[in-house]
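The next block holds one structure in the form of structure tokens; read it before the comments.
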Amino acid sequence: MESVIKVAIAEDHEIVRKGVIQIIQAFGGYNIEIEASDGKELYQKLSAAEELPDIVVMDISMPGWNGYETLDAIRKKWPKLKVLILTMHKHEFAIIKMFRSGANGYLLKNSPPQELRKALQSIFDNGLYFSEVASSNLLHRLQHSNILPSFNEHEIELLKFCHTDLTYKEIADKMTLSERSVAGYRTNLFEKLHVNSRAGLVVCAIQMGLVPVE
């Protein structure tokens, strides 16, 4: 008999929360263990639970404790609890902040249901979901440094700076390079890591252990 993946969900809009619950339950193999309308309620219910869920699905924009505050509280008390952010935020710096805060995955609310299923399964199996680095082959390479492509000093430095709030112009100043040179190193990283965004580079850097989760 296959094991059931236990899920907790926090979303302040009830109609959205109920809809997501219905979608997840329709997949089969999942059980909604905790339902909360905000981050603080989620934290309280997790604290009172006899057994933690396998995955938490939550929004970033919630009253009371927002997603970042909730992630911080979860990481301090349950550092290994897996969290999927389901949100409408798609600005690159917002995505970077989510992963920097300890999220295991990120998905837009307007994604098709099968993408949600893929995200849940990937987080359960591999501890990570981001569409650009979702392939099992890339995840394996990121988690085993001996089979990664080689990087030069500037590429490693740029990967670390991508984890910050600095613009590329500010990064160029910090690296004492021209913006054009930084753009060239960025292109090299995109090609070597098979991603096409700064957020993708940040996820790779976290998986490679180059930068910490806050």
## Note on the structure
side chain to side chain donor-acceptor pair (under 3.5 Å) with D59: of R17, K109, H89, only one passes, and it is K109
### Task
Could you check if a side-chain atom of Q114 sits within less than 4.5 angstrom of a side-chain atom of F27, using non-hydrogen atoms only?
yes
### Side-chain (K40) to main-chain (G64) donor-acceptor, under 3.5 angstrom
no
### Query
Do you know which two heavy atoms are closest between I23 and P113, and how far apart they sit?
CG2-CB, 3.9 Å
#### Entry: side chain to side chain contact (heavy atoms under 4.5 Å, CB included) evaluation trace for M175 with H154
CA-CA 8 Å; M175 295 177 67; H154 286 313; 4.0 Å; yes
### Message
Ignoring hydrogens, what is the shortest heavy-atom contact between Y68 and A94? Give both atom names and the distance.
### Response
OH-O, 3.5 Å
### Task
Measure from NZ or CZ of K6 to the centre of the six-membered ring of Y30, then state whether that distance is under 6.0 Å and the direction lies within 45° of the axis.
no
### Query
Given D165 and R100, is the salt bridge (Lys or Arg N to Asp or Glu O under 4.0 Å) satisfied, shown in steps?
CA-CA 11 Å; D165 294 327; R100 217 167 55 192; 3.1 Å; yes
### Task
Please test Q25 against V7 for side chain to side chain contact (heavy atoms under 4.5 Å, CB included), starting from the C-alpha separation and ending with a verdict.
CA-CA 10 Å; Q25 289 177 328; V7 178; over 6 Å; no
### Message
Nearest 0.5 angstrom please: I9 CD1 to K18 NZ, how far?
### Response
9.5 Å
#### Entry: Minimum side-chain heavy-atom gap I5-N31 below 4.5 Å
no
#### Entry: Distance (rounded to the nearest 0.5 Å) between S101 OG and L71 CG
6.0 Å
### Query
Okay, side chain of S122, backbone of L128: is any donor-acceptor separation there less than 3.5 Å?
yes
### Query
Do K174 and E170 pass the salt bridge (Lys or Arg N to Asp or Glu O under 4.0 Å) test, and can you show the C-alpha distance, the side-chain angles, and the key distance before you say yes or no?
CA-CA 6 Å; K174 291 280 187 182; E170 292 168 333; over 6 Å; no
### Heavy-atom closest pair, residues R75 and G102
NH2-O, 2.8 Å
### Task
Would you mind reporting whether I74 and L42 have side-chain heavy atoms less than 4.5 Å apart?
yes
### Task
Please tell me if the side chains of L166 and D173 come closer than 4.5 Å, counting only heavy atoms from C-beta onward.
no
### Query
Under 6.0 Å from the six-membered ring centre of Y129 and within 45° of its axis: does the NZ or CZ of K118 meet both?
no
#### Entry: Verify same cluster id: M88, I15 (apolar side-chain graph, 4.5 Å)
no
### Task
Could you tell me which non-hydrogen atom of L84 sits nearest to which non-hydrogen atom of G105, and how far apart they are?
CD1-C, 3.5 Å
### Task
Would you mind reporting whether V16 and L86 have side-chain heavy atoms less than 4.5 Å apart?
no
### Task
Kindly say whether I24 contributes a backbone atom to a donor-acceptor pair with the side chain of R117 at under 3.5 angstrom?
no
### Query
Can R198 be said to sit on top of Y168's aromatic six-ring, NZ or CZ under 6.0 Å from centre and within 45° of the ring axis?
yes
### Summary
Here the gap from L81 atom CG to D54 atom CG, rounded to the nearest 0.5 Å, amounts to 9.0 Å
### Message
Contact between W78 and Y43 at the side-chain level, heavy atoms closer than 4.5 Å - yes or no?
### Response
yes
### Query
Would you say the side-chain atoms of K45 pair up with the backbone N or O of E35, donor to acceptor, closer than 3.5 Å?
yes
### Task
Hey, could you give me the CG/CG distance between N196 and L189, rounded to the nearest 0.5 Å?
13.0 Å
### Task
Please assess F151 against L210 for the test side chain to side chain contact (heavy atoms under 4.5 Å, CB included), listing each intermediate value before the final yes or no.
CA-CA 12 Å; F151 303 99; L210 291 176; over 6 Å; no
## Note on the structure
D38 and M62 have their tightest heavy-atom pair at CA-SD, 3.9 Å
### Steps toward side chain to side chain contact (heavy atoms under 4.5 Å, CB included) verdict (T87, L107)
CA-CA 6 Å; T87 181; L107 191 66; over 6 Å; no
### Query
Which pair of heavy atoms, one from P53 and one from L46, lies closest together, and at what distance?
CD-CD2, 3.5 Å
### Query
Between the side chain of E41 and the main-chain N/O of S37, is any donor-acceptor distance below 3.5 Å?
yes
### Query
So, the side chain of T164 versus the backbone of F161: is there a donor-acceptor pair under 3.5 Å, distance only?
yes
### Message
Contact between V202 and C162 at the side-chain level, heavy atoms closer than 4.5 Å - yes or no?
### Response
yes
### Task
Check the angle between the aromatic planes of F130 and F99 and answer parallel, tilted or perpendicular using the 30° and 60° thresholds.
perpendicular
### Message
Go through it in stages, so that I can follow the logic: the residues are E155 and R186, the test is salt bridge (Lys or Arg N to Asp or Glu O under 4.0 Å), and I'd like the CA-CA distance, side-chain angles, deciding distance and then a yes or no.
### Response
CA-CA 7 Å; E155 290 168 348; R186 180 184 60 199; over 6 Å; no
### Summary
Of V83, I55, I85, the one forming a side-chain contact (heavy atoms from CB on, under 4.5 Å) with N104 is V83
### Task
For S181 and L177, indicate whether the former's side chain and the latter's backbone hold a donor-acceptor pair under 3.5 Å.
no
### Message
Any non-hydrogen side-chain atom of N66 less than 4.5 Å from a side-chain atom of I60?
### Response
no
